[in-house]
Number of protein chains: 2
Amino acid sequence: MTQVRNRRPASPKQAAACRRPIDDLLDPELFKALGDPTRILLLACLAKCGRPGTVSEVAECCAVDLSVVSRHLALLADAGVLHARKEGRTVWYRVRYEEIGQRLRALADAIEACAQTPVRRSAGGTGCCPKTR
Amino acid sequence: MTQVRNRRPASPKQAAACRRPIDDLLDPELFKALGDPTRILLLACLAKCGRPGTVSEVAECCAVDLSVVSRHLALLADAGVLHARKEGRTVWYRVRYEEIGQRLRALADAIEACAQTPVRRSAGGTGCCPKTR
DNA sequence: TGCGTACTTGCGTCATAATGCAAGTATACG
DNA sequence: CGTATACTTGCATTATGACGCAAGTACGCA
């Protein structure tokens, strides 16, 4: 296998073998967590409130059952979007503002980094996008 | 209803009524599109390749049927992640590097903006996060 | 210790979506 | 015009996930 390093792959298939920052940052679990309208609503409420909220409080934001909200918040915490802190019998969920911000910006950087062409075609261009249109 | 404007809501429920940039940027459709492992794989291949790719090319990246790839790429294009250009009987899909980057950064900004406390408790703090812990 | 509050978990139901196969459409080429 | 190529669409199957209800757990309080 002609594995090229730090070079532009010739085809999407070759590109699949290249490891780039984008591979770790494009995490389906995070996006799956953010891909549900109800969860987005709950997250937006918590984010805009600007302070931690309990399951009961957040549940007042939408019409679904409390158990559903409990599950959604736990899932968002698993995905790294929220932070859970248990205090007696109540659970305070807090938005991880900085972490999400950094994560999204890192992903933006990684994606845009793919757009640039770091390869200066060495010789014949074997394996490195020779017939790029 | 005591609608407060540009003030920190007292509860997640009150926060639900507040319109913030985050409301438009937190689009479930985008994240739903990015929430599938197969689509992420196809997107990563296309992104790392750095050039537009056809359906057949991208389909070589993973083991699923060509028709599945066709559907996934169309879905990613609908979500604004890819751009489709038809040329004869082949379709070239291109990653919208700049658009995604901007979108993610705008979201990062909007989320982090929620973390800051723009409200200087006016008087009694009616409706504005009085008992923020 | 008994009860109420705050949340979680089990489970059944329903909806959405991912996949593969087969058939269809559109375009190029001889 | 017929055929091959490149992709799309219809359809059935299967898997995943969202939801509500009911029961369970954990903690605080009297």
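So you know, we letter chains A, B, ... as the sequences are listed, proteins then strands, and number each from 1. Just the heavy atoms: all of them, side chains too, but no hydrogens, waters or symmetry mates, feed the values below.
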Look up atom CG in A:L75 and atom CD in A:E29, then write down how far apart they are to the nearest 0.5 Å. 8.5 Å
Rounded to the nearest 0.5 Å, how far does CG of A:L42 lie from CD of A:E57? 13.0 Å
Please lay out, stage by stage, how B:H72 and B:L43 fare under the test side chain to side chain contact (heavy atoms under 4.5 Å, CB included). CA-CA 9 Å; B:H72 278 319; B:L43 172 60; over 6 Å; no
Can you name the residues that form a side chain to side chain donor-acceptor pair (under 3.5 Å) with [X], not counting sequence neighbours?
{"X": "A:D23", "value": "B:K48"}
{"X": "B:T90", "value": "B:W92"}
{"X": "B:D78", "value": "none"}
{"X": "B:S67", "value": "B:D65"}

If you restrict it to nitrogen or oxygen atoms, what contacts under 3.5 Å exist between nucleotides 20-22 of chain C and the protein, and what is each distance?
{"unit_1": "C:dG20", "atom_1": "OP2", "unit_2": "B:D65", "atom_2": "N", "d": "2.7"}
{"unit_1": "C:dG20", "atom_1": "O6", "unit_2": "B:R71", "atom_2": "NH2", "d": "2.7"}
{"unit_1": "C:dC21", "atom_1": "N4", "unit_2": "B:S67", "atom_2": "OG", "d": "3.1"}

For nucleotides 24-30 of chain C, list the nitrogen or oxygen atoms of the protein found under 3.5 Å from its nitrogen or oxygen atoms, one pair per line.
none

Looking at A:R39 and B:P28, would you say the former's side chain and the latter's main chain have a donor-acceptor pair under 3.5 Å? no
Would a distance-only check, ignoring hydrogens and angles, find a side-chain to backbone donor-acceptor pair under 3.5 Å from B:R96 to B:L82? yes
Please examine the side chains of [Y] and [X], heavy atoms only from C-beta on, and report whether any two atoms are closer than 4.5 Å.
{"X": "A:I22", "Y": "A:C114", "answer": "yes"}
{"X": "A:L30", "Y": "B:F31", "answer": "no"}
{"X": "A:I100", "Y": "B:L107", "answer": "no"}

Results of side chain to side chain contact (heavy atoms under 4.5 Å, CB included) for A:A84 - residues two or more places apart only: A:V91, A:Y93
Contacts of type side chain to side chain contact (heavy atoms under 4.5 Å, CB included), residue A:C61, not counting sequence neighbours: A:L41, A:C45, B:P12
Enumerate the residue pairs fulfilling salt bridge (Lys or Arg N to Asp or Glu O under 4.0 Å) with a member in residues 100-109 of chain A, sequence neighbours excluded, ordered by first and then second residue. A:D27-A:R103, A:R105-B:D109, A:R105-B:E112, A:D109-B:R105
Identify the 5'-most and 3'-most nucleotides of DNA chain D with at least one atom closer than 4.0 Å to a non-hydrogen atom of chain B. D:dA4 to D:dC11
Heavy atoms within less than 4.0 Å of DNA chain C: which residues of residues 31-42 of chain A have one? Give them sorted by number. none
Which ones in residues 73-84 of chain B lie close to DNA chain D, meaning a heavy atom under 4.0 Å from one of its atoms? none
